[in-house]
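Values below: all heavy atoms of this structure, side chains included; hydrogens, waters and symmetry mates excluded.
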Amino acid sequence: MTRAARHHVPRTAAAILAIVLATAAPDAALAWGATGHRIVGEEAIAALPRDLPAFLRNPRAAADVGELAREPDRSKGAGKTHDSNLDPAHYIDLDDAGKAFGGPSLRALPPTRAEYEAALQAVGQDSWKAGYLPYSIVEQHQQLVVDFAYWRVLDAAERNHAWRGHQAWFRDDRRRREALIFETLGQLAHFVGDGAQPLHATLHYNGWGDFPNPKGFTTAKVHSPVEGAFVRASVRSAEVRARMAPYRPCACAIDERTRNYLAATHALVEPFYSLEKQGGFQRGDPRGAAFVTRELARGASELRDMVADAWRASATAKVGWPAVAVADVVNGKTDPYTSLYGLD
């Protein structure tokens with residue numbers, strides 16, 4: 001079920017539950033749409049710092065990640081089990097106070113999805129209804145750190161002549177790891193891109209809904225037109241690139257970085273609806289185009305920064321079993337073959 005497909009949500013917790021359980025029909029709209037997700041993936045990879053591996057810093061890599069960023073949407077319709085489990089990965093329904101369905105606050109999310117689920121169930125909700133986008137981002141970032149750590153080890157081992165007896169295996173496994181890295185990057189790109197869309201971080205995800213509405217915001221279904229047709233008609237990659245922020249490393253855990261990122265997105269919900277009320281998302285209006293361009297640029301900047309941070313974190317990781325330190329392999333201290341190939 002896409003974010004655009006979900007119906008207006010009434011103000012009481014009981015009514016929220018009833019409506020969400022009753023409305024699960026899919027819609028044609030898919031997050032930012034192909035155009036937006038492709039731009040976020042491409043521009044982030046094209047802007048990676050030079051200390052990242054060369055296989056990621058070329059136009060083909062950027063194009064590949066741009067296409068793979070669409071996969072979490074393209075896989076929709078695989079079946080009820082698949083869709084019901086993964087559709088809520090794309091959003092988090094935050095109320096005006098920044099709480100997920102009246103449960104845990106975005107600023108104080110539990111560290112695991114299991115604990116998040118327990119906190120939601122304590123208020124009569126669950127993560128399949130409230131969404132779990134923060135955990136989607138954190139999970140893929142953590143996987144990327146591991147992927148990069150394995151790549152560092154395999155690359156170093158392949159180039160170490162003292163271990164040339166297994167050089168062919170190191171080379172082949174490095175290539176396999178590179179394929180996995182692109183898959184992980186596509187997943188991370190998609191969810192970080194979703195996180196730049198204000199309608200993926202609010203209960204007001206498709207019109208203001210049946211809530212107090214003193215500012216008279218629209219209750220029409222605005223989600224799909226803005227994400228899809230408006231982006232395709234109004235946004236250009238070069239304009240997104242020009243608005244990207246400089247690289248900003250975060251001296252913080254990925255959980256904190258993700259919360260901060262999504263909190264900034266949530267803060268744009270009212271500005272989005274104010275602009276919509278003024279007609280800013282009518283085709284050809286430069287105000288709406290500027291809003292969407294800024295958000296895609298923020299998503300691309302955040303993705304680039306998360307990828308760079310994952311690469312740097314991987315230098316101090318351990319991989320394999322028994323675990324070997326990346327630094328020990330890079331420094332020629334430990335031959336990783338047994339740990340990587342497996343003792344069983």
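Partners of Arg171 by salt bridge (Lys or Arg N to Asp or Glu O under 4.0 Å), not counting sequence neighbours: none found. Partners of Tyr132 under the ring pair (Phe, Tyr, Trp, His ring centres under 6.0 Å) rule, at least two apart in sequence or in another chain, do not exist in this structure. Every residue two or more places apart in sequence or in another chain was checked for a salt bridge (Lys or Arg N to Asp or Glu O under 4.0 Å) with Lys333, and none qualifies. Residues passing the salt bridge (Lys or Arg N to Asp or Glu O under 4.0 Å) test with Arg236: none are found, sequence neighbours excluded. The ring pair (Phe, Tyr, Trp, His ring centres under 6.0 Å) search around Phe148 returns Trp311, not counting sequence neighbours. With sequence neighbours left out, His166 forms a ring pair (Phe, Tyr, Trp, His ring centres under 6.0 Å) with Tyr337. With sequence neighbours excluded, the residues satisfying ring pair (Phe, Tyr, Trp, His ring centres under 6.0 Å) with Phe230 are Phe281. For Glu42, there are no salt bridge (Lys or Arg N to Asp or Glu O under 4.0 Å) partners two or more places apart in sequence or in a different chain. Legend: residues meeting side-chain contact (heavy atoms from CB on, under 4.5 Å) with Gln278, ordered by chain and number and at least two apart, are Ser274, Leu275, Arg287.
For the pair Ala54 and Asn58, the tightest heavy-atom approach, listed with the atom from each and the gap, is O-ND2, 3.5 Å. Closest of all the heavy-atom pairs between Val192 and Gly299 is CG1-O, 3.6 Å. Between Arg304 and Ala47, the shortest heavy-atom contact is CD-O, 3.2 Å. Nearest heavy atom pair, residue Pro134 against residue Leu262, reads CG-CD1, 3.5 Å. Closest non-hydrogen pair, Val307 versus Leu48, comes out as CG1-CD2, 3.7 Å. Residues Leu106 and Leu94 approach most closely at CD2-CD1, 3.8 Å, considering heavy atoms.
Side chains of Leu180 and Gln143 form no contact here, defined as non-hydrogen atoms less than 4.5 Å apart. The shortest distance between side-chain heavy atoms of Lys99 and Pro104 does not fall below 4.5 Å. Annotation: side chain of Leu199 is in contact with side chain of Tyr273 (closest heavy-atom distance under 4.5 Å). You'll find the side chain of Trp32 stays beyond 4.5 Å of the side chain of Asp73, heavy atoms only. Phe182 has its side chain within reach of Phe55: a pair of non-hydrogen atoms, C-beta onward, lies under 4.5 Å apart. Inter-residue side-chain proximity for Leu340 and Val153 is flagged as met; some heavy-atom pair is nearer than 4.5 Å. Contact of the Leu144 side chain with the Leu188 side chain is registered, since non-hydrogen atoms from C-beta on lie closer than 4.5 Å. Side-chain contact check for Phe217 versus Asn213: some heavy-atom pair is nearer than 4.5 Å.
Applying the side-chain hydrogen bond (donor to acceptor under 3.5 Å, both in side chains) test to every pair with at least one member in residues 243-261, sequence neighbours left out, gives these pairs: Arg107-Asn260, Tyr247-Asp309, Tyr247-Arg312, Arg257-Glu302, Arg257-Asp305, Arg257-Asp309. Sorted by first and then second residue, the side-chain hydrogen bond (donor to acceptor under 3.5 Å, both in side chains) pairs with a member in residues 59-68 read Arg38-Glu67, Arg60-Asp64, Glu67-Arg70; sequence neighbours excluded. Each salt bridge (charged side-chain N to carboxylate O under 4.0 Å, His left out) pair with one or both residues in residues 110-120, not counting sequence neighbours, would appear here, but there are none.
A salt bridge links Arg159 with Asp155: at least one charged nitrogen is closer than 4.0 Å to a carboxylate oxygen.
Listed for the Gln140 side chain is no donor-acceptor partner under 3.5 Å among the backbone atoms of Gln187. One N or O on the side chain of Asn331 and one on the backbone of Ala327 form a donor-acceptor pair closer than 3.5 Å. Within the 3.5 Å criterion, the main-chain N or O of Gly195 finds a donor-acceptor partner in the side chain of Thr265. Judged purely by atom type and a 3.5 angstrom limit, His190 has no side-chain atom pairing as donor or acceptor with the backbone of His90. In this structure, the side chain of Thr218 engages the main chain of Ala220 through a donor-acceptor pair within 3.5 Å. Not a single donor-acceptor pair under 3.5 Å links the side chain of Ser237 to the backbone N or O of Ile39. Distance alone, capped at 3.5 Å, places no donor-acceptor pair between the His82 side chain and the Lys76 backbone. Proximity of a side-chain donor or acceptor of Arg174 to a complementary backbone N or O of Trp151 within less than 3.5 Å is not detected. Under the 3.5 Å distance criterion, the side-chain polar atoms of Arg164 are matched with a main-chain donor or acceptor of His161. For the pair Thr316 (side chain) and Ala313 (backbone), a donor-acceptor distance under 3.5 Å is present.
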Quiz prompt | CA sep, side-chain torsions, deciding dist, call: Glu276, Gln282, side chain to side chain contact (heavy atoms under 4.5 Å, CB included) | solution = CA-CA 8 Å; Glu276 191 284 333; Gln282 297 297 315; 5.6 Å; no
Quiz item: Checking salt bridge (charged side-chain N to carboxylate O under 4.0 Å, His left out) for the pair Arg298/Glu295: CA distance, chi angles, key distance, verdict?
Solution: CA-CA 5 Å; Arg298 189 168 66 89; Glu295 282 305 280; 2.7 Å; yes
Exercise. For the pair Tyr116 and Asp126, evaluate side chain to side chain contact (heavy atoms under 4.5 Å, CB included) and give the outcome as yes or no after the intermediate values.
Key: CA-CA 8 Å; Tyr116 175 62; Asp126 63 56; over 6 Å; no
Practice problem: Applying side chain to side chain contact (heavy atoms under 4.5 Å, CB included), run through His200 and Asp93 and close with a yes or a no. | Solution: CA-CA 7 Å; His200 280 249; Asp93 280 347; over 6 Å; no
Quiz prompt | Worked verdict on Glu183 versus Leu68 for side chain to side chain contact (heavy atoms under 4.5 Å, CB included) | solution = CA-CA 7 Å; Glu183 182 178 343; Leu68 290 168; 5.7 Å; no
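Ring pair His223/His204: centre-to-centre distance not below 6.0 Å.
One finds the CZ atom of Phe272 at 10.5 Å from the OG1 atom of Thr202 (value rounded to the nearest 0.5 Å). Atom-to-atom distance recorded for Met306:CE and Ser301:OG is 11.5 Å, nearest 0.5 angstrom. In this structure, the separation between CZ on Phe211 and CG on Asp96 is 7.5 Å, given to the nearest 0.5 Å. Taking CG of Leu296 as the reference point, atom CD of Gln197 lies at 9.0 Å (rounded to 0.5 Å). The line from OG of Ser75 to CG of Asp83 is 7.0 Å long, rounded to the nearest 0.5 Å.
In the hydrophobic clustering of ILVMFWY residues, with side-chain heavy atoms under 4.5 Å counting as a link, Leu133 and Val269 come out together. There is no path of hydrophobic side-chain contacts, each under 4.5 Å, that joins Val145 to Trp321.
Between Val329 and the choices Asn160, Val319, Val324, Leu154, the side chain to side chain contact (heavy atoms under 4.5 Å, CB included) rule is met once, by Val324.
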